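Let me begin by presenting the structure, written as structure tokens, before commenting on it.
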There are 2 protein chains.
Amino acid sequence: MQNAAASTPKFRRLEADFRRQRLIDATVKCIAEHGYAATSVRQICSKADVSPGLLRHYFTGKSDLILQAYAQLIDKFSTELKSALDDHSVENQDEKDDPRNKLKVFVNTCFNGTMQEETTLSVMLAFWSELRLDPMMQSNAKSLCSGYHQQLVDVISDVALNEGNQDEVDPSLVALALAALVDGLWLQMCINRSTFSINDARLACFGLLDGFLFCGTNEQWLQVRAAGRLDQH
Amino acid sequence: MQNAAASTPKFRRLEADFRRQRLIDATVKCIAEHGYAATSVRQICSKADVSPGLLRHYFTGKSDLILQAYAQLIDKFSTELKSALDDHSVENQDEKDDPRNKLKVFVNTCFNGTMQEETTLSVMLAFWSELRLDPMMQSNAKSLCSGYHQQLVDVISDVALNEGNQDEVDPSLVALALAALVDGLWLQMCINRSTFSINDARLACFGLLDGFLFCGTNEQWLQVRAAGRLDQH
DNA sequence: GAAATAATTTTACAACTGTAAAATAAGCCT
DNA sequence: AGGCTTATTTTACAGTTGTAAAATTATTTC
């Protein structure tokens, strides 16, 4: 029975995309708050201010919703990375194309935006741990990872080539190390959050690149590095 | 009703420690196989060839068992690390005390023994993801991490001091970077297992140390490094 | 304003969860 | 051989899980 004239309706019918997004957001929040294992359909729907039955009106099931939440998380970072790399606010085209600069932008983006939010990091960690068990998630992850890993290898090759170090530098090893270092720092930011700052994380990455790419041969880079050191205090 | 004379008994009473260990092992296997979220009491007990009720005879509950499994995982690595660092099979006492050598042993141990087993890595990852939510686990983790992190800082300080680089090297930053790199490589070994070898992982760590500690000033280290490069092929 | 549409809620269900307590039976002691 | 201890199994239970389908009801259309 619906109430008389002036009463508020029991619910409102909203646009499909809006509801879908609300459910996805609620999923991420639940995983961040209670962990992957303790996240249930009823919990998600309650956080989305929606009855439990609605989930299956917009998604095939719980795992479908979770999969899409993961895809969106990945996509957000991927987009931030792309837009940072061809940021048109940089006036100097030469600087933009400088592979050293690309690496700098990459590292900075890894510790800005989504990736410095506690929620994003802890949910990402939860997904990593489930990745191994879910082939669907794996293919999602690969679309991001293998893409940006190859890009990293290319940029690093460019740096080495530019500076005449192509014989001393193993681009795929450096890319592996940098990617792993970033992952590891994300992990530690989740677990030991307070023991170091975001700037420490950046310095660690720049330090790694300095070493692998022989910063000693690149004066411009040394200046950037010195500036970074000063920022720290 | 128990069967006639020559029949096998329904079960055997075993030593407490043995049963406890079997349950712990089963827990680790379950988490490795089906993930943290999907690991149930009945599953664990079935893998330990034991009826579900027995769990609560040896542990306060499921979470107690899981906690002890985690503690044991951490302890195993911690022990390996300790025994590697004061390995008496090394003839030369000077070499053993050399901080450069300690770092080498540390890195090698991180990718040998337990830590190269797929099971250990994936279960460790699962625990990392739950760590944030469980204060008990956190205190377990801290006993390991904060301990060996400080040790790392000290060793790195020694290297810098030995080689007259104490002004250029920031030991806590280097320790952070190395620890994070190791974690990140473990993570990647879980997720992208096939894309790189254990030797790549070691090379990445040595490369990082090379850079941060200015290997250029240390000829002995350069030789070790060159040898490592040759091993790769 | 009435009928049609479909977004949303409600109810139902079978399977599973962790835990508790009672029932069983293996192995030790005398 | 028989009784005692207690390790182990069995049974029971209340709560939760994901999903399915039916019942509502807000909104649109005519």
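All values reported here derive from a predicted model rather than from experimental measurement. All values below come from the heavy atoms of this structure, side chains included, with hydrogens, waters and symmetry mates left out. Lettering of chains follows the sequences in order, A, B, ..., and the numbering in each one begins at 1.
- No contact: Phe59(B) has no heavy atom under 4.0 Å from any strand.
- Taking only side-chain atoms of Phe11(A), from C-beta outward, the nucleotide of dG27(C), dT19(D), dT8(C) with the closest atom is dT8(C).
- Contacts of Leu14(B) with the nucleic acid, taken as non-hydrogen atoms under 4.0 Å apart, involve only primed sugar atoms and P, OP1 or OP2.
- Within the 4.0 Å cut-off from OP1 or OP2 of dT17(D), at least one side-chain nitrogen or oxygen of Ser40(A) is found.
- At the heavy-atom level, Arg42(A) lies under 4.0 Å from base atoms of the strands shown.
- Judged by distance alone, with hydrogens and angles left aside, the side-chain atoms of Lys76(B) form no donor-acceptor pair with the main-chain N or O of Gly113(B) at under 3.5 Å.
- For His57(B) and dT8(D), the shortest distance from a side-chain N or O to OP1 or OP2 is not below 4.0 Å.
- For the atom pair OH (Tyr70(B)) and CG (Leu65(B)), the distance works out to 15.5 Å, reported to the nearest 0.5 Å.
- The side chain of Tyr58(A) contributes no N or O atom lying less than 4.0 Å from OP1 or OP2 of dA7(C).
- Candidate nucleotides dA25(C), dG18(C), dT9(C) were compared by shortest atom distance to the side chain of Ser51(A), and dT9(C) ranks first.
- The residue from Phe206(B), Phe111(B), Tyr148(B), Phe77(B) that alone fulfils the ring pair (Phe, Tyr, Trp, His ring centres under 6.0 Å) condition with Phe106(B) is Tyr148(B).
- The nucleotide whose nearest atom lies closest to any side-chain atom of Arg13(A) is, among dG18(D), dT5(C), dT10(D), dT5(C).
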